[in-house]
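Below, chain A is the first sequence line, B the second, and so on; all start at residue 1. All values derive from a computational prediction rather than experimental measurement.
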2 protein chains.
Amino acid sequence: MARENKTRFAVLGLLSLKPMTGYEMKGIIPKSVGYFWNESFGQIYPMLNQLANEGLVTGVEETEGRHHRIRYTLTDTGHQALRDWLAVEPEYYSLRDELLLKLFFGKETEVAVLRGHLEKALASSRRQLAVYQGIEAELKAIINPRTQTRFSLITVRKGLHWEQAQIEWCLESLAALPPVLQPQEAEPQEPHPQ
Amino acid sequence: MARENKTRFAVLGLLSLKPMTGYEMKGIIPKSVGYFWNESFGQIYPMLNQLANEGLVTGVEETEGRHHRIRYTLTDTGHQALRDWLAVEPEYYSLRDELLLKLFFGKETEVAVLRGHLEKALASSRRQLAVYQGIEAELKAIINPRTQTRFSLITVRKGLHWEQAQIEWCLESLAALPPVLQPQEAEPQEPHPQ
DNA sequence: TTGGACATGTAAGCCGTTACATGATTAC
DNA sequence: GTAATCATGTAACGGCTTACATGTCCAA
C-alpha cells in the first residue's frame, strides 16, 4: 500500500529548473523529461494546488491586465522534499510491451503480420534514434555547458542506447523469422502445445 | 476514447497456449510473458467472467470431489478475436522511467547519490542479463523445438539486448559523472538556469 | 469576427494494485 | 490441528487520460 504519487516529484523537479505556471510546465515537458516521463493537465493542476496547500510550492497570481496565470516557485521545504526523493532508490518500472506480447503469441498469426510489426518498430526506432542524435549534437555544441546539460546528456544517451538495442533486435528477429512464403509452399502447421 | 483493455488479449493469448484456470494463469505468467507483461488476480478473474459472457471463452467447472475450479478454453470466436488483435499495429508504450527522472534532476542532489542509483541499476541489469542468458540456453537446448520456442526466443533476445544496452549506458554514465570528491575540493555550485 | 493560443480547472470513467473474504484440500 | 497451497472472487482506493467547461487575448 502507501503508493507514492510520482507526479508530485516530477512537478517539484520541473519547478527546480525554474518557476513556472502549470501551462508552461505542460509545454516544457516535451522538450525536457517528455522522452521518459509524461504528465497531463488533469494531474498537473490539482497537484500544483495540493503542493501549494502543503507549503512545498508558492503560487503567485499574475493578473496585470493579461491572462490569469499562477506562477509557482519551490519553497525550501519543497526543495528539500525533492532532494529527499532523489536520494531514494528508484523503483524499477513494470513495463508492458505490446509488441513483445504479440510476438510471444506469434504462432496464432501469419509471419507476414509479425514482420510488419517488426518493420514498423524498426522504422520508428530509426527515426527516434535520429532525433536523439540531433539532441545529443545540440547539447555537445553548447560552449559553456551548465550542470543541467550534463544530466540532459546522460538521459539522451540512454535513449540512444535504447533505440540502438531495439534496432539490432528488430533486425535480428526479422532475420530469425521465416520469410513470407507463397501459399503452396506454406509451412505445415505444428499442433498447439498441450 | 474507446480505450481498449489489453488485459483482455493477454488472457486470450495465454488461453491460446492451452486451456487453464485463472489460478494457473497467474502462475504461468512469471514463466512466460511475465518479463514484459503482468496481470493481477483482480483483473484476471473479472476478465475471464466477462470473456465467458461474451462467448470468447467457455468455462467448465471441475468439481470432482476436489477444489472448485473453472477451466477456460478459447472458443472459435475468441481465437478469431485474438488473431484480429494480433494483426493490429501495437501501440508504443509510454514509459515512465524513474531512474532517468532522478538523473535529469541530478543537479539538485549529490553525485554520490546518482552514482549509487546507477550502480544499483547496473547490478540489477547484470543479474537480469544472466537470467535471460539462462533462459536462452534452455530454449536453444531443446532438441525438437516447437513453434512457440521460436517466439519465446525472440522475446528473450529482446531482454538480452535491453539489459546489455542498460549495462553499457550505466558504465558510460558512471564514467561521465565526476568522481565523488572530498568536501574541501568540491565543485563550485553553478547558479540555477533562468 | 472568428479562430487559435493562452490559461485553469473539474468530472467521468477506466485501469490496476492491494487487501480482504471465503472456503477446500493437503502435508506436517 | 494447523499452516500452506489451491482456488475464486469482491471492494477500496488511487492513478491517469480524456473530455468538458470557462474565459482572455491577439491576430488575420
Self-check item: Distance test, side-chain N/O of Thr21(A) to OP1/OP2 of dC6(C), below 4.0 Å
Solution: no
Quiz prompt | Earlier contact from the 5' end, DNA chain D, for His68(A) and Trp37(A) | solution = Trp37(A)
Quiz item: Any side-chain donor-acceptor pair under 3.5 Å between Ser124(A) and Gln128(A)?
Solution: no
Exercise. Specify the residues of residues 42-49 of chain B, ordered by number, for which at least one heavy atom lies under 4.0 angstrom from an atom of DNA chain C.
Key: Gly42(B), Gln43(B)
Quiz item: With sequence neighbours left out, what residues match Ser125(B) under side-chain contact (heavy atoms from CB on, under 4.5 Å)?
Solution: Glu163(B), Gln166(B), Ile167(B)
Quiz item: Phosphate oxygens OP1/OP2 of dC15(C): is one of them under 4.0 Å from a side-chain N or O of Asn5(B)?
Solution: yes
Quiz item: Taking atom C1' of dG9(D) as reference, at what distance in whole Å does atom CD of Glu39(B) sit?
Solution: 16 Å
Quiz prompt | Residues Glu110(B) and Arg83(A) bridged, charged N to O under 4.0 Å | solution = yes
Quiz item: Hey, mind stepping through Gln80(A) and Asp76(A) against side chain to side chain donor-acceptor pair (under 3.5 Å) and telling me if it holds?
Solution: CA-CA 6 Å; Gln80(A) 190 54 46; Asp76(A) 288 345; over 6 Å; no
Self-check item: Separation of atom CZ in Phe41(B) from atom P in dT22(C), rounded to whole Å
Solution: 19 Å
Please list each protein N or O that sits under 3.5 Å from an N or O in nucleotides 3-6 of chain D, with the distance.
residue : atom : partner  : partner atom : Å
dC6(D)  : OP2  : Tyr23(B) : OH           : 3.0
dC6(D)  : O2   : His67(B) : ND1          : 3.4

Quiz item: Side chain of Arg96(B): nearest nucleotide among dC16(D), dG16(C), dG9(D)?
Solution: dC16(D)
Quiz item: When you check the phosphate oxygens OP1 and OP2 of dT18(C), does a side-chain N or O of Ser40(B) lie under 4.0 Å from one of them?
Solution: no
Quiz item: Would you say the ring centroid of Phe9(A) lies under 6.0 angstrom from that of Phe105(B)?
Solution: no
Quiz item: Salt bridge check: are Glu39(A) and Lys6(A) linked by an N-O gap of less than 4.0 Å?
Solution: no
Quiz item: Going by an N to O cut-off under 4.0 Å, is there a salt bridge joining Glu62(A) and Arg69(A)?
Solution: yes
Practice problem: Name the orientation class of the two ring planes belonging to Tyr35(A) and Tyr132(A) (parallel below 30°, tilted from 30 to 60°, perpendicular beyond 60°). | Solution: perpendicular
